[in-house]
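One structure is given below, encoded as structure tokens.
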Amino acid sequence: MRPAPPPVDASDPVTVQRYKAWQRTMHDQVRAYGDPDVATVAGFDVQYGGQGEPAVAAAVVLSYPDSEIVDETVVSDRPGTPYRPGLLALRELPLLLALAETLETLPDVVFCDGHGVGHPRGFGLACHLGLALDLPVVGIAKNPPYRDGIPEPGPGRGDTADIAPAADWDECPAGPVIGRSVRTRDSTKPVYVSAGHKISLDKSVELVLGTATRFRQPEPIRAADRLARAERKKLSE
DNA sequence: GCGACAG
DNA sequence: ATCTTGTCGC
């Protein structure tokens, strides 16, 4: 049995510190390896409205590698805590777990926005989600996990560069390679991939490049993004 | 007070 | 993430 997350009040530094210590501990439960057979990949995404408005989470399950729609679902609820760097799961995990429960059939792999083990304490949103669902999850972020020293991959689609932990991440139990910058389109800003759970970094990158052919973002993520946007628009009118 | 590090 | 027009480029 794994330790439950400590209750955390985002405005109370003491409980936040406890939660961070728990994250560091939980990294040991993560399996940043594995080579699952993949017939379906799901993209999960959350969209937010203004104050008081509900957040909308969408999941789209696509066949792999041909990207046919297998299933899609939406759920909406009040947002979790406000966003804070390093604590994204506090904001999005509740909604994403509710979302997963609405799927008819679980996918072989889940893609979510944000980081996996490429996180200051080695336990980003994709890790939280992977352990909670006991599914392979890949973290795909549009921005790097820290500012300075992120290696730039070559300019062509498919070029990659390994990311090491930040020099000041004393508490990070992951590494020496925590993720990879991946160029999914020629001369376009890379995406930042890290393993969340039950899948290796190599396999994660293979799947990202296999699903992001024409656009920067992988197709499952784009599909979920579109669906959540559409649903949010529908709710706001 | 400034700067900042997923979304 | 969201607020938002025009604008650069394929």
Side-chain angles (χ1 to χ4, degrees), chain A residues 10 16 19-20 23-24 27 30 43-59 76-97 99 110-130 137-151 155-157 163-172 174 178-182 184-197 201 204 208 213-218 221-222 224-233 235-236:
Chain A
V16 168
Y19 181 77
K20 288 183 175 180
Q23 286 184 313
R24 200 174 43 223
H27 176 264
V30 172
F44 283 19
D45 187 43
V46 185
Q47 295 284 327
Y48 299 90
Q51 279 288 276
E53 263 144 82
V56 175
S76 70
D77 200 351
R78 296 187 51 181
T81 66
Y83 169 74
R84 297 185 55 183
L87 304 176
L88 180 60
L90 292 179
R91 181 162 172 77
E92 301 202 339
L93 190 63
L95 210 49
L96 294 181
L97 292 181
L99 181 68
V110 173
F111 284 179
C112 73
D113 289 330
H115 299 302
V117 298
H119 172 275
R121 292 163 296 281
F123 199 67
L125 175 64
C127 301
H128 281 78
L129 190 61
V137 177
V138 179
I140 302 161
K142 295 179 289 299
N143 292 291
Y146 53 92
R147 186 51 118 47
D148 298 317
I150 297 295
R157 173 184 143 77
I163 301 174
D168 60 346
W169 281 6
D170 300 329
E171 300 179 308
C172 183
I178 61 169
R180 204 165 281 161
S181 307
V182 179
T184 53
R185 283 195 70 177
D186 287 351
S187 306
T188 294
K189 180 179 174 178
V191 295
Y192 305 90
V193 178
S194 59
H197 188 48
L201 179 57
S204 297
V208 166
T213 51
R214 169 135 204 254
F215 301 97
R216 179 184 178 226
Q217 293 276 94
I221 294 282
R222 296 188 69 238
D225 186 287
R226 278 196 307 268
L227 179 56
R229 278 200 142 79
E231 182 66 15
R232 187 166 76 83
K233 183 177 181 181
L235 287 180
S236 69

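We name chains A, B, ... by the order of the sequence lines, and we start the count at 1 in each one.
Applying the side-chain contact (heavy atoms from CB on, under 4.5 Å) rule to A166(A) yields the partners Y146(A), D168(A), W169(A); only residues at least two apart in sequence or on another chain are considered. For A228(A), the side-chain contact (heavy atoms from CB on, under 4.5 Å) criterion is met by Q47(A), V56(A), A58(A), not counting sequence neighbours. A search for side chain to side chain donor-acceptor pair (under 3.5 Å) contacts involving R229(A) returns D225(A), not counting sequence neighbours. Legend: residues meeting side chain to side chain donor-acceptor pair (under 3.5 Å) with R222(A), ordered by chain and number and at least two apart, are E219(A). Partners of P190(A) according to the side-chain contact (heavy atoms from CB on, under 4.5 Å) rule, which considers only residues two or more places apart in sequence or in another chain, are E152(A), P153(A), S181(A), R183(A), Y192(A). Remark: E171(A) pairs with R24(A) by the salt bridge (Lys or Arg N to Asp or Glu O under 4.0 Å) rule, at least two apart or across chains.
Within the nucleic acid shown, R185(A) has no heavy atom closer than 4.0 Å to any nucleic acid atom. Contact annotation for I150(A): no contact, since no heavy-atom pair falls under 4.0 Å across all strands.
In this structure, the side chains of L88(A) and L93(A) stay at 4.5 Å or more apart for every pair of heavy atoms.
With values rounded to the nearest 0.5 angstrom, R216(A) atom CZ is found 11.0 Å from I140(A) atom CD1. Taken from NE2 in H197(A) to NE2 in H128(A), the straight-line distance is 13.0 Å, to the nearest 0.5 Å.
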Side-chain donor-acceptor pairs of residues 112-124 of chain A under 3.5 Å, sequence neighbours excluded:
| unit_1 | atom_1 | unit_2 | atom_2 | d |
| --- | --- | --- | --- | --- |
| H115(A) | NE2 | N143(A) | O | 3.4 |
| H119(A) | ND1 | R121(A) | N | 3.0 |
| H119(A) | ND1 | G122(A) | N | 3.4 |
| H119(A) | ND1 | F123(A) | N | 3.3 |
| H119(A) | NE2 | G86(A) | O | 3.0 |
| R121(A) | NE | Q23(A) | OE1 | 2.6 |
| R121(A) | NH2 | Q23(A) | OE1 | 3.0 |
| R121(A) | NH2 | G86(A) | O | 3.2 |

For DNA chain B, produce a single dot-bracket line, 5' to 3'. Pairs: Watson-Crick or G-U wobble, both distances under 3.5 Å. Symbols: ( ) within strand, [ ] crossing, | other strand, . unpaired.
-> .......
Paired and unpaired positions of DNA chain C as dot-bracket, Watson-Crick or G-U wobble under 3.5 Å, | denoting a partner strand | ..........
Check the pair Y19(A) / L90(A) against side-chain contact (heavy atoms from CB on, under 4.5 Å), numbers first and verdict last.
-> CA-CA 10 Å; Y19(A) 181 77; L90(A) 292 179; 3.6 Å; yes
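Residue pairs satisfying the side chain to side chain donor-acceptor pair (under 3.5 Å) criterion with at least one member in residues 78-87 of chain A, sequence neighbours excluded, are absent.
Within a 6.0 Å radius of NZ in K189(A), more than 12 heavy atoms belonging to other residues, nucleotides or ligands are found.
Read 5' to 3', the first and last nucleotides of DNA chain C with an atom closer than 4.0 Å to a heavy atom of chain A are dA1(C) to dT2(C).
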Within the sub-3.5 Å range, which N or O atoms of nucleotides 3-5 of chain B have a protein N or O partner, and how far apart are they?
| unit_1 | atom_1 | unit_2 | atom_2 | d |
| --- | --- | --- | --- | --- |
| dC5(B) | OP2 | R147(A) | NE | 3.3 |

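For the C1' atom pair drawn from dA4(B) and dA1(C), the interatomic distance equals 16 Å after rounding to whole Å.
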